[in-house]
2 protein chains.
Amino acid sequence: MSRFLSLAEARSVRPNGWLDTIIKGDCVAALDALPDQSVDVIFADPPYNLQLGGTLHRPDQSLVDAVDDEWDQFASFEAYDAFTRAWLLACRRVLKPNGTIWVIGSYHNIFRVGATLQDLNFWILNDVVWRKTNPMPNFKGRRFQNAHETMIWASRDPKAKGYTFNYDAMKAANDDVQMRSDWLFPICSGGERLKDADGKKIHPTQKPEALLARVIMASTKPGDIVLDPFFGSGTTGAVAKRLGRHFVGIEREQDYIDAALARIDAVEPLGKQTLTVLSGKKAEPRVAFNTLIESGLIAPGTVLTDARRRYSAIVRADGTLASGSDAGSIHRLGAKVQGLDACNGWTFWHYADGKELKPIDALRAVVRSDMAKLD
Amino acid sequence: MSRFLSLAEARSVRPNGWLDTIIKGDCVAALDALPDQSVDVIFADPPYNLQLGGTLHRPDQSLVDAVDDEWDQFASFEAYDAFTRAWLLACRRVLKPNGTIWVIGSYHNIFRVGATLQDLNFWILNDVVWRKTNPMPNFKGRRFQNAHETMIWASRDPKAKGYTFNYDAMKAANDDVQMRSDWLFPICSGGERLKDADGKKIHPTQKPEALLARVIMASTKPGDIVLDPFFGSGTTGAVAKRLGRHFVGIEREQDYIDAALARIDAVEPLGKQTLTVLSGKKAEPRVAFNTLIESGLIAPGTVLTDARRRYSAIVRADGTLASGSDAGSIHRLGAKVQGLDACNGWTFWHYADGKELKPIDALRAVVRSDMAKLD
DNA sequence: GTACCTCTTGAATCATATA
DNA sequence: GTATATGATTCAAGAGGTA
């Protein structure tokens with residue numbers, strides 16, 4: 001059975017008695033209860049300090065369930081920085097000399113976290129981008145869709161060269177090319193998302209196990225100790241156990257601890273490491289028409305026609321087409337000129353290649369073959 | 001002919017005489033020579049403070065041509081922070097109140113830049129990841145392949161809501177889905193890369209024009225002023241000119257200035273027609289519901305329903321709707337009958353056209369197209 | 001079983017013009 | 001400055017219901 005320890009217990013248990021447990025309490029106090037240089041890797045998912053204003057509604061008027069928990073509120077950047085500095089310093093002491101730390105965040109907090117890491121003499125090895133396959137849209141159309149989060153991976157010390165990085169495993173898992181710093185994963189939803197009896201999500205920001213699996217497979221060895229100072233629903237612990245690593249979690253909220261303990265108990269460790277890697281080879285990557293312009297395959301001002309030259313349109317620099325007083329995407333304008341509701345602009349619009357007309361889809365194929373090497 | 005100005009000239013030229021020029025000199029001093037609130041967008045590619053220790057060789061023992069220029073050297077994080085603070089403050093004064101700034105960097109410097117932006121009360125709108133199709137591999141196999149750089153897009157002020165974001169154009173250019181925060185582009189190479197007579201690259205970190213094109217198309221209007229305080233080889237200027245925007249560059253090194261001037265001279269601006277930016281409903285003129293009644297498109301007494309005929313209302317002669325004992329504007333009543341606090345009456349309410357239900361928005365479109373013929 | 005449709009939801013710094 | 005009225009705005013998945 002999994003268990004959790006009070007701060008006093010964490011301090012007094014026999015050496016390593018805190019392995020594979022959750023320590024209940026404030027993050028810094030709990031870290032202070034652990035011995036020097038005792039963990040191999042830290043994965044930290046601290047509060048993001050979102051600073052949300054009012055409420056936000058979707059276009060269908062439904063309310064967005066925002067992260068408004070008390071633990072995500074800070075009075076100022078200074079307060080957030082002081083908090084960050086305190087827990088990172090405590091982490092530093094607990095890390096083995098060749099240990100590394102991962103911190104995940106968004107643009108709200110990650111820059112402050114990164115600067116603090118550098119100030120405390122951690123040495124950044126990579127920043128890794130988690131690209132979400134299914135991020136929440138920007139409902140008001142005022143910004144780019146916020147489709148990623150950032151992880152910083154850093155060693156405890158600039159001179160430490162002995163940190164674990166399973167380069168060959170990563171490369172083998174990635175079609176025999178180096179694992180890049182941009183990773184593609186879905187957000188945590190469906191059956192993986194922990195819910196209470198009423199179907200309400202237990203934790204507002206549960207991370208996907210696939211993300212933690214890659215982190216752990218990349219930067220730890222079997223039997224290593226992975227500490228998570230903001231344990232939440234216990235994703236780090238569940239994945240560590242499954243992958244044959246030890247975990248230590250720190251968490252304040254009893255509700256999260258209860259959920260995490262039950263979750264981890266249900267995990268069956270893998271006999272053999274059979275980490276499945278999500279190859280980003282989805283059906284076909286989406287290519288923006290804009291990309292053809294940006295990559296010089298088609299110039300703004302080019303005239304496109306349909307296959308029989310009945311309709312024509314001019315390519316604008318913003319990636320839209322214009323025809324007479326109408327304008328829009330390749331699809332919208334294709335539909336418009338034909339008086340239809342819908343149209344596949346990729347196959348409808350053609351460009352002149354010598355005397356021949358070719359569909360712009362041919363140019364998309366060029367872009368896709370360049371992209372194919374990536375995902 | 002393009003030209004460059006000395007600091008003294010930049011200070012003394014007639015108003016806007018510094019448009020489409022390169023100012024030679026230190027970045028902060030040159031910014032100080034420009035008027036308050038005079039530029040729309042800033043794109044900055046500051047020194048990355050790479051701090052490479054020693055030299056790096058590829059597996060075949062060839063030497064990696066690293067960025068080791070004098071301008072990329074800083075004694076400490078403190079020195080880099082002071083530098084960052086100084087040029088960002090100078091940028092802040094020069095930006096229009098609704099202006100925005102883009103800064104690009106890597107994990108070496110972007111966290112310090114981001115934190116400083118926040119400290120100076122810039123308001124981060126997005127962090128945007130440039131995913132490189134063809135990044136340099138990690139030669140030692142000790143880290144993930146560093147396959148991206150990060151751009152921060154921020155408004156001058158947290159309360160400034162009037163910044164330019166061409167949402168509809170970005171969406172139309174992206175297969176009619178929102179543009180995401182992760183962008184895929186090749187690094188600058190081949191014919192685009194500026195080289196000297198010996199074939200040596202002129203600038204170590206020349207950015208691809210495609211990247212700048214998306215930045216400028218997303219966040220400026222034709223005729224806007226784009227300032228680049230670290231002009232280098234002039235990518236920002238070349239793309240701004242091509243896209244019908246004004247540029248101002250600041251650069252210290254005469255070699256870079258010479259290369260940039262020649263490069264920009266060779267750029268042919270696109271025609272006005274191709275530069276028109278697609279704008280959505282937000283930019284359409286307002287039409288009062290009353291206008292539909294006055295122009296005879298809908299008669300008082302007409303019964304409107306929602307798309308599924310769950311709710312109905314009657315059109316009154318004063319341009320309001322009534323339903324039972326409730327009455328109000330098309331929006332208020334739409335909200336009221338659904339028990340919501342907001343509703344777009346134009347798309348909610350439908351009228352019967354034969355057997356079919358059509359949104360009253362279709363009638364608004366008729367009014368708008370009639371209005372368009374007038375001007 | 002399957003195909004199709006509807007509804008829900010996810011770390012979000014998310015409007016603007018006029019009075 | 002504030003208050004009010006207009007009316008613009010979403011992508012991918014999964015769950016569950018219906019034909």
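So that the names make sense, note that chain A is the first sequence line, chain B the second, and so on, each numbered from 1.
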[X] [atom1] to [N] [atom2], straight-line distance once rounded to whole Å:
| X | N | atom1 | atom2 | answer |
| --- | --- | --- | --- | --- |
| A:M136 | C:dT8 | CE | P | 15 Å |
| A:L194 | C:dG10 | CG | C1' | 15 Å |
| B:L125 | C:dC14 | CG | P | 9 Å |
| A:E192 | C:dG10 | CD | P | 14 Å |
| A:N146 | C:dC14 | CG | C1' | 11 Å |
| B:R286 | D:dA5 | CZ | C1' | 8 Å |
| A:I187 | D:dA13 | CD1 | P | 10 Å |
| A:R131 | D:dC11 | CZ | P | 17 Å |

Mind checking if [X] touches a base, just sugar-phosphate, or nothing, with heavy atoms under 4.0 Å?
| X | result |
| --- | --- |
| B:V177 | sugar-phosphate |
| A:S106 | nothing |
| B:P158 | nothing |
| B:N126 | nothing |
| B:R180 | nothing |
| A:C188 | nothing |
| A:P208 | nothing |

*asked:* Within the 3.5 Å criterion, strictly below it, is a donor on B:R309 or B:T305 matched to an acceptor on the partner's side chain?
replied: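 Side-chain D/A pair, B:R309 to B:T305: absent.
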What is the base-pairing partner of [N], counting Watson-Crick and G-U wobble geometry with both distances under 3.5 Å?
| N | result |
| --- | --- |
| D:dG14 | C:dC7 |
| D:dA19 | C:dT2 |
| D:dT2 | C:dA19 |
| D:dA8 | none |

To the side chain of [X], which of [options] is closest?
| X | options | result |
| --- | --- | --- |
| A:Q145 | C:dA11, C:dC7, D:dC11 | D:dC11 |
| B:R332 | C:dT6, C:dA12, D:dT6 | D:dT6 |
| B:W346 | C:dA12, D:dA8, D:dA13 | D:dA8 |
| A:K201 | C:dG10, C:dA11, D:dT10 | C:dG10 |
| B:K161 | C:dA11, C:dC14, D:dT9 | C:dC14 |
| B:S329 | C:dT9, C:dC14, D:dT6 | D:dT6 |

_Please determine whether any donor N or O and acceptor N or O are separated by less than 3.5 Å between the side chain of A:K207 and the base of C:dA11._
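It does, because a donor-acceptor pair links the side chain of A:K207 to the base of C:dA11 below 3.5 Å.
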*Any donor-acceptor pair under 3.5 Å joining the side chain of A:Q61 to the base of D:dT9?*
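Indeed, a donor on one side and an acceptor on the other fall under 3.5 Å apart.
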*Test B:T100 against every option in B:W123, B:W153, B:Y163 by the side-chain hydrogen bond (donor to acceptor under 3.5 Å, both in side chains) rule and name the one that passes.*
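Looking at B:W123, B:W153, B:Y163, the match for B:T100 under the side-chain hydrogen bond (donor to acceptor under 3.5 Å, both in side chains) is B:W153.
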_ring-ring contact (aromatic ring centres under 6.0 Å, His included) evaluation trace for A:W87 with A:F230_ = CA-CA 10 Å; A:W87 73 259; A:F230 305 97; 5.0 Å; yes
*asked:* Between C:dG1 and D:dA19, how many Å separate the two C1' atoms, rounded to a whole number?
replied: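 That atom pair is separated by 13 Å.
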Does [X] have a side-chain nitrogen or oxygen under 4.0 Å from the phosphate oxygens OP1 or OP2 of [N]?
| X | N | answer |
| --- | --- | --- |
| B:H331 | D:dG7 | yes |
| B:Y167 | D:dT10 | yes |
| A:R193 | C:dA11 | yes |
| A:K140 | D:dA8 | no |

*asked:* For A:G199 and A:R143, find the nucleotide of DNA chain C closest to each by heavy atoms; which residue's nucleotide sits nearer the 5' end?
replied: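 This one resolves to A:G199.
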*In terms of the nearest nucleotide of DNA chain C, which residue is placed more toward the 5' end: A:S62 or A:Q51?*
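Nearest nucleotide further toward 5': that of A:S62.
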*asked:* Judged by each residue's nearest nucleotide on DNA chain D, which is more toward the 5′ side, A:G190 or A:R58?
replied: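 So the residue in question is A:R58.
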*Residue met sooner reading DNA chain D from 5', once A:N138 and A:G191 are mapped to nucleotides*: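 Here A:N138 is the residue nearer the 5' end.
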*Roughly how far apart are A:L212 CG and A:T236 OG1, rounded to 0.5 Å?*
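The distance works out to 4.0 Å.
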*Looking at A:C91 and A:I101, what are the two nearest heavy atoms and their distance?*
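Shortest heavy-atom contact: CB-CD1, 4.3 Å.
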_Sidechain-backbone polar pair: A:D326 side chain, A:L333 backbone, donor-acceptor under 3.5 Å_ =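 Looks like no, no N/O pair under 3.5 Å.
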*Using the side-chain contact (heavy atoms from CB on, under 4.5 Å) rule, pick out the option among B:T164, B:I216, B:D40, B:V41 that qualifies with B:K221.*
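The passing option is B:T164.
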